[in-house]
Student: 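Following this message is one structure expressed as structure tokens.
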Amino acid sequence: MPKYIPSEIEAKWQKQWQADNIYRAVIDPSQPKFYALTMLPYPSGNLHMGHWYAMTPSDARARYKRMSGYNVLFPMGFDAFGLPAENAAIKRNIHPRSWTYDNIQHMRNQLKSMGTMFDWQREAISCDPEYYRWTQWFFIELYKHGLAYRKYAAVDWCPHCNTTLAREQVVDDERLCERCDTPVTKRELEQWFFRATQYADELLRFDGIDWPEKIITMQTNWIGRSEGAQIFFPTESGDTIEVFTTRPDTLWGATFMVLAPEHPLVAKLTSPEQQPAVTAYAYQASRETDIEREATDKEKTGVFTGGYAINPATGKRIPIWIADYVLMSYGTGAIMAVPSGDSRDFDFARKYGLDVIPVVQPHNETLDGATMAAAYDGAGVMVNSGTLDGLVSNGEKGRKNPAIAAAIDWLVAQGAGAQSVNYRYRDWLISRQRYWGAPIPMVYCPTCGVQPVPDEQLPVTLPDDVEWKPTGESPLKFHPTWKHTTCPCCGAPAERETDTMDTFMCSSWYHLRYLGPQDTTAPFPADEYRYWMPVDSYTGGAEHATMHLLYTRFFHKALRDMGIVSGDEPMLQLRNQGIILSTDGKRMSKSRGNVIDPDEKVRTYGADVVRAYLMFGYRWNEGGPWNDSNISGVVRWLNRLWDVVHDTQAGGGTLSAEQSRALQRKTHQTIQKITRQLETFEFNTVVSSLMELTNAVIETKDGAGSPAFREAICTLLLLTAPVSPHIAEELWALLGRPYSIHQQAWPQADEALAREDELELPVQVNGKLRGKIVVPATADTPSIEQAALQSDAVRFLEGRPAKKVIVVAGRLVNIVG
RNA sequence: GCGAACGUGGCGGAAUUGGCAGACGCGCAUGGUUGAGGGCCAUGUCCUGCAAGGGGUGUGGGUUCGAUUCCCACCGUUCGCACCA
């Protein structure tokens with residue numbers, strides 16, 4: 001018998017599959033389609049175990065779908081623009097292009113070594129000019145539809161990457177750059193934005209898509225929709241302060257106002273005598289990092305401006321303060337302070353001796369502003385609120401709360417405010433001051449202003465001859481000629497935009513480019529779109545929850561409204577894998593020196609083993625540490641599978657009727673189980689079930705000539721094919737079955753064969769297991785009850801009569817006595 | 001601080017969702033095997049007890065004929081949010 005040497009059969013079959021082009025996906029209207037998508041890698045140089053962990057089960061599932069009769073599209077590409085390429089250029093003087101394409105070449109081979117069914121003819125690389133031509137075209141379309149605009153704003157800046165970042169790319173309490181963990185600072189710059197907030201409400205709806213609750217929650221929190229009212233407070237200086245509040249019903253208790261120290265009205269409102277204190281406080285606040293400012297447990301501080309506003313409900317003069325607990329970045333940067341109803345305002349009022357007037361009172365209590373020990377923000381009855389006294393504030397948000405509804409109506413009638421919705425979500429900042437990205441295709445003309453580059457001049461390509469400055473300024477800006485062009489409008493000399501686009505722009509539509517990566521007339525062919533989209537199953541990491549996964553939804557909706565795509569959502573189902581850790585239980589990283597190299601594991605064990613182990617050893621959505629001793633269980637399994645197929649290849653021997661029946665039953669039960677487990681992403685039990693069937697086959701190998709055995713072993717190989725495609729193909733060929741196993745139909749379970757003939761039912765007495773009975777599977781409740789009462793177990797009743805007998809069909813019997 | 005998820009042998013993890021806890025593996029133990037291979041095969045392996053039995057799914061309570069599963073409180077781990085007006 002030949003030995004199982006993975007490297008030999010794996011290379012052989014990969015070559016064969018490629019030569020026969022068996023993974024080519026083309027439109028076939030006669031077949032139902034299935035678009036399986038797994039997140040594309042950044043070509044950093046090497047595939048790591050995380051890629052294998054994410055992609056292998058996705059591949060197995062795509063293979064299973066294909067065998068189940070679907071026409072499956074399972075493409076792969078590279079998210080190839082980005083900073084590491086540029087850093088390599090600065091550090092080692094290698095051009096980002098050659099660095100990137102060398103890495104792609106290497107990683108493409110690595111991806112092929114996994115034995116995946118990617119259709120490489122659909123490969124898309126986001127830094128190809130033919131790709132980013134359409135990234136630029138989309139930008140212009142967005143611009144033409146008013147969804148891209150330029151704005152001067154205080155934006156997040158990473159001093160290490162030397163570029164601005166979108167808010168989503170600033171992570172953690174410490175406000176670190178998502179790529180390099182450098183603390184982010186603020187800069188005032190003119191930048192391009194996408195009007196993502198226009199879709200805020202729609203992005204909050206997840207109807208018809210099957211996404212993890214966790215991602216939905218994160219996106220919902222990120223968008224941060226609050227219902228309430230905007231209220232205008234006149235001031236004695238003549239300016240109006242606009243505030244947003246979710247509790248307009250507490251307006252009558254607003255005894256002071258607080259502005260963020262950076263609020264534009266601060267200077268005007270401040271009285272001469274308060275000027276020094278206000279200036280000092282604002283300076284102090286501006287020096288503090290956002291970490292310090294946002295620490296929840298920090299004691300509230302603030303300074304009186306000397307200015308006063310009028311509470312539009314009570315007509316009273318109320319003092320205006322500045323305090324750093326009010327953030328310029330949220331709402332209007334100003335609040336009405338209601339100390340009786342808000343704990344932050346309460347702390348502030350007590351510290352500075354400001355009035356506290358209760359306006360919502362618990363039903364069975366009378367609050368006294370002078371003595372109350374804490375703010376009350378629960379449900380209650382309105383008091384001290386003029387005509388609204390006696391209304392019930394029921395604790396609900398928005399108009400569902402009668403007190404809020406009445407307050408909004410009152411505000412509108414008085415012309416003092418309006419119903420309003422506020423979002424935490426901000427427009428997507430997409431300008432990046434870097435070289436290795438898609439140039440923003442805009443031209444600045446001294447007479448015509450901002451002009452998009454005409455379609456026929458796309459792509460605006462990156463120049464090769466640039467100088468790498470370790471200062472990090474974009475080489476495009478300093479290129480001697482590149483930025484000089486002519487105005488597409490008047491033909492006069494004009495300048496190009498020198499910023500490039502956020503690479504998340506490229507990855508917002510890559511699933512569309514797979515539909516026709518060679519298309520030179522459109523971003524994707526319409527017929528391909530009609531057939532393949534939307535993506536049926538998308539897999540990838542949860543870390544993209546508020547970045548890629550939100551951007552791509554926005555992008556799709558914007559494209560839909562521009563008439564470029566159809567349907568409301570790009571990806572119907574989303575599932576997230578966990579993270580594969582190193583043997584020390586820590587995240588793998590070059591700096592820790594604990595990286596597990598997949599190439600090395602493939603050399604040692606073979607791709608089939610690594611694939612099966614990654615599916616077998618973990619709950620896929622949780623991940624866990626790599627374990628070299630656990631993998632040996634999978635090595636043994638595939639060796640035993642190899643051995644038993646070779647051993648029994650010639651047939652010979654028969655099984656008793658009983659043995660045949662039992663093996664058939666196991667075979668068909670396994671089909672049922674594995675089909676269900678693949679559908680539900682329970683890959684660890686898929687492999688357990690395969691091992692069980694392998695064990696059953698080995699136990700009956702003396703009956704290798706029997707039809708039940710032949711069926712079992714063929715079924716076993718078919719069920720193994722998605723998990724370990726090479727060995728399955730090799731053994732399938734050994735049995736003389738038609739090539740390729742991956743083009744065979746998925747086995748169908750026969751209910752009748754899967755069914756048990758008789759059942760061994762546990763018999764409990766008072767809930768404790770006391771014995772077993774064997775009954776025909778068809779036995780009815782009375783006969784099961786009879787059998788249980790006649791069994792040995794009843795001795796545990798110790799002579800008492802059975803008060804009740806509970807028979808659970810097919811499960812157990814419990815005698816209560 | 002708020003919210004969510006999770007907590008099962010020495011280890012990774014099962015349990016058809018309220019019905020035999022520990023499937024499938026790893027590891028370990030004992031035995032076998034002159035086919036030297038990352039060996040393989042057989043048997044055993046939650047704790048306790050000679051046994052019948054008793055106990056056992058983070059801890060304590062509850063619901064139920066019956067709870068790893070449902071409810072309450074607490075402890076722990078992970079993740080998300082964090083002065084959001």
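Because only heavy atoms are used, hydrogens play no part in the values below, and waters and symmetry mates are left out as well, while side chains stay in. Convention: sequence-line order gives letters A, B, ...; per-chain numbering from 1.
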Student: Measure from the side-chain heavy atoms of A/Val326 and tell me the nearest of B/G80, B/C84, B/A85.
Tutor: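 The answer is B/A85, which lies nearest to the side chain.
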Student: Roughly, in whole Å, what's the span from CZ in A/Arg676 to C1' in B/A15?
Tutor: 12 Å
Student: Measuring from the side chain of A/Ser629 (C-beta onward, heavy atoms only), which nucleotide among B/C26, B/C41, B/G19 has the closest atom?
Tutor: B/C26
Student: For A/Tyr4, which contact category applies under a 4.0 Å heavy-atom criterion: base, sugar-phosphate, or nothing?
Tutor: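 The residue A/Tyr4 makes no contact with any strand.
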Student: In whole Å, what is the span from the CG atom of A/Asp345 to the C1' atom of B/C84?
Tutor: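 Interatomic distance, CG of A/Asp345 to C1' of B/C84: 13 Å.
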Student: Just jot down the side chain to side chain contact (heavy atoms under 4.5 Å, CB included) partners of A/Phe206, sequence neighbours excluded, or say none.
Tutor: A/Ile209, A/Ile216, A/Gln219, A/Thr220, A/Arg553
Student: Mind checking if A/Glu213 touches a base, just sugar-phosphate, or nothing, with heavy atoms under 4.0 Å?
Tutor: nothing
Student: At under 4.0 Å between heavy atoms, what does A/Lys3 touch on the DNA or RNA strands: base, sugar-phosphate, or nothing?
Tutor: nothing
Student: Write down the distance between CG (A/Asp377) and P (B/C2), rounded to a whole number of angstrom.
Tutor: 13 Å
Student: In whole angstrom, give me the gap between the P atoms of B/G19 and B/A42.
Tutor: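 Comparing P positions in B/G19 and B/A42 gives a spacing of 33 Å.
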Student: C1' atom, B/G9 versus B/A21: distance in rounded Å?
Tutor: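 To the nearest whole Å, 11 Å.
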Student: Is A/Ser343 touching bases, backbone alone, or none of the nucleic acid, heavy atoms closer than 4.0 Å?
Tutor: nothing
Student: Would you verify whether the NZ or CZ of A/Arg611 falls within 45 degrees of the ring axis of A/Trp52 while also being under 6.0 Å from that six-membered ring's centre?
Tutor: no
Student: Would you list the atom pairs, donor with acceptor, under 3.5 Å between side chains in residues 761-768 of chain A and any protein atom, with sequence neighbours excluded?
Tutor:
residue  : atom : partner  : partner atom : Å
A/Asn766 : OD1  : A/Gly817 : N            : 3.0
A/Asn766 : ND2  : A/Gly817 : O            : 3.4

Student: In whole angstrom, what separates A/Met336's CE from B/C84's C1'?
Tutor: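 Computing the A/Met336:CE to B/C84:C1' distance gives 15 Å.
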Student: Taking 4.0 Å as the cut-off, does a side-chain nitrogen or oxygen of A/Thr604 come that near to OP1 or OP2 on B/G38?
Tutor: no
Student: Going by an N to O cut-off under 4.0 Å, is there a salt bridge joining A/Lys300 and A/Asp345?
Tutor: no
Student: Got a donor-acceptor pair under 3.5 Å from the side chain of A/Lys803 to the base of B/C65?
Tutor: no
Student: Report the distance from atom OG1 of A/Thr197 to atom CD1 of A/Ile223, rounding to the nearest 0.5 Å.
Tutor: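 Those atoms lie 10.5 Å apart.
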Student: Grab the CD-C1' distance between A/Gln764 and B/G18 for me, whole Å please.
Tutor: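 That distance rounds to 12 Å.
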Student: Among B/C84, B/C20, B/C83, which nucleotide has an atom closest to any side-chain atom of A/Arg424?
Tutor: B/C84
Student: Tell me whether A/Asp342 is salt-bridged to A/Arg344, with the criterion being a basic N under 4.0 Å from an acidic carboxylate O.
Tutor: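 Salt bridge present between A/Asp342 and A/Arg344.
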Student: Counting any heavy atom closer than 4.0 Å, what does A/Glu682 reach on the DNA or RNA strands: base, sugar-phosphate only, or nothing?
Tutor: sugar-phosphate
Student: Would you find a donor on one side and an acceptor on the other, under 3.5 Å apart, between the side chain of A/Asp608 and the backbone of A/Ile727?
Tutor: yes
Student: Give each stem of RNA chain B as a range with a range, requiring at least 3 consecutive Watson-Crick or G-U wobble pairs whose two distances are under 3.5 Å.
Tutor: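 Counting only runs of 3 or more consecutive pairs, the stems involving RNA chain B are B:1-7 with B:75-81, B:10-12 with B:24-26, B:27-33 with B:39-45, B:46-48 with B:53-55, B:58-62 with B:70-74.
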Student: Among B/G53, B/A85, B/C41, find the nucleotide with the atom closest to the side chain of A/Arg640.
Tutor: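 When the side chain of A/Arg640 is considered, B/C41 is the closest of B/G53, B/A85, B/C41.
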Student: Look at all strands and tell whether A/Arg636 reaches a base, only sugar-phosphate, or nothing, counting heavy atoms closer than 4.0 Å.
Tutor: sugar-phosphate
Student: Need one value for A/Asn695: base, sugar-phosphate or nothing, where a base atom within 4.0 Å counts as base even if backbone is also close, heavy atoms only.
Tutor: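 A/Asn695: backbone/sugar contact only, no base atoms under 4.0 Å.
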Student: Give one of base, sugar-phosphate or nothing for A/Val805, where a contact means two heavy atoms less than 4.0 Å apart.
Tutor: nothing
Student: Assign each of A/Ser632 and A/Tyr605 to its nearest nucleotide of RNA chain B by heavy atoms, then name whichever residue's nucleotide is nearer the 5' end.
Tutor: A/Ser632
Student: Going by an N to O cut-off under 4.0 Å, is there a salt bridge joining A/Arg399 and A/Glu227?
Tutor: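 Between A/Glu227 and A/Arg399 there is no salt bridge, as every charged N stays at least 4.0 Å from the carboxylate O atoms.
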Student: Rounded off to whole Å, could you give me the CE-to-P distance for the A/Met615 and B/G13 pair?
Tutor: 17 Å
Student: Kindly give the heavy-atom pair with the smallest separation between A/Pro57 and A/Trp620, and that separation in Å.
Tutor: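 Between these two residues, the closest heavy atoms are CG-NE1, 3.2 Å.
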Student: Does the base of B/C79 carry an N or O that pairs as donor and acceptor with the side chain of A/Lys214 under 3.5 Å?
Tutor: no
Student: Can you name the residues that form a side chain to side chain contact (heavy atoms under 4.5 Å, CB included) with A/Lys397, not counting sequence neighbours?
Tutor: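 Only A/Thr246 meet the side chain to side chain contact (heavy atoms under 4.5 Å, CB included) criterion with A/Lys397.
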Student: Among B/C20, B/G53, B/A85, which nucleotide has an atom closest to any side-chain atom of A/Phe796?
Tutor: B/G53
Student: Who are the side chain to side chain contact (heavy atoms under 4.5 Å, CB included) partners of A/Glu756, not counting sequence neighbours?
Tutor: A/Arg665, A/Gln669, A/Leu759
Student: Please work out if A/Arg225 contacts a base, only the sugar-phosphate, or nothing of the nucleic acid, heavy-atom cut-off 4.0 Å.
Tutor: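 No contact.
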Student: Distance between the C1' atoms of B/G1 and B/A82, in whole angstroms?
Tutor: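 Straight-line distance between the two C1' atoms is 8 Å.
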Student: Can you tabulate the close N/O pairs, meaning under 3.5 Å, that link protein atoms to atoms of nucleotides 4-12 of chain B?
Tutor:
residue : atom : partner  : partner atom : Å
B/G12   : O2'  : A/Gly617 : O            : 2.2

Student: Taking the same atom, P, in B/U59 and in B/A52, what whole-Å distance lies between them?
Tutor: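 27 Å, rounded to whole Å.
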Student: How long is the line joining CD1 of A/Ile784 and C1' of B/G19, in whole Å?
Tutor: 13 Å
Student: Measure from the side chain of A/Asn684, starting at C-beta and using heavy atoms only, and say which of B/A14, B/A85, B/G19 lies closest.
Tutor: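 Closest nucleotide to the A/Asn684 side chain: B/A14.
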Student: Can you work out whether A/Thr685 or A/Met218 has the more 5'-proximal nearest nucleotide on RNA chain B?
Tutor: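 By nearest-heavy-atom nucleotide position, the 5'-most residue is A/Thr685.
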Student: Please give the distance between the P atoms of B/C24 and B/G31 as a whole number of Å.
Tutor: 25 Å
